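Predicted model, so just to flag it, every value in this text is computed and none were measured.
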Amino acid sequence: MKDKPQSMLLPILAAVVLAGLGRMVIQKIRDDRRAAGAAREDLGKKVSEVMRGRH
């Protein structure tokens with residue numbers, strides 16, 4: 001008996017979807033780090049101003 005050839009569409013589609021999700025996750029992590037860095041910088045400026053006595 002001859003077996004049906006496997007379609008390559010499903011594995012390729014799965015790879016594309018996983019690559020897209022991975023890219024979205026990496027972008028979200030980068031954005032979160034950027035936001036956290038900006039918040040830390042802002043907090044540092046506020047603390048510095050308070051320590052210098054400039055409310």
Worksheet item: Given the rule in the salt bridge (Lys or Arg N to Asp or Glu O under 4.0 Å) test, do K28 and D31 qualify, once you have shown the distances and angles that lead to the verdict?
Response: CA-CA 5 Å; K28 174 77 171 128; D31 290 345; over 6 Å; no

Discussion item. If I take atom CE from residue M8 and atom CG from residue L13, how far apart are they, to the nearest 0.5 angstrom?
Written reply: 12.0 Å

Fill in: Option among K45, R40, K46 that satisfies the salt bridge (charged side-chain N to carboxylate O under 4.0 Å, His left out) test with D42
K46

Discussion item. Membership question, hydrophobic clusters at under 4.5 Å side-chain separation (ILVMFWY): are V17 and L9 in the same one?
Written reply: no

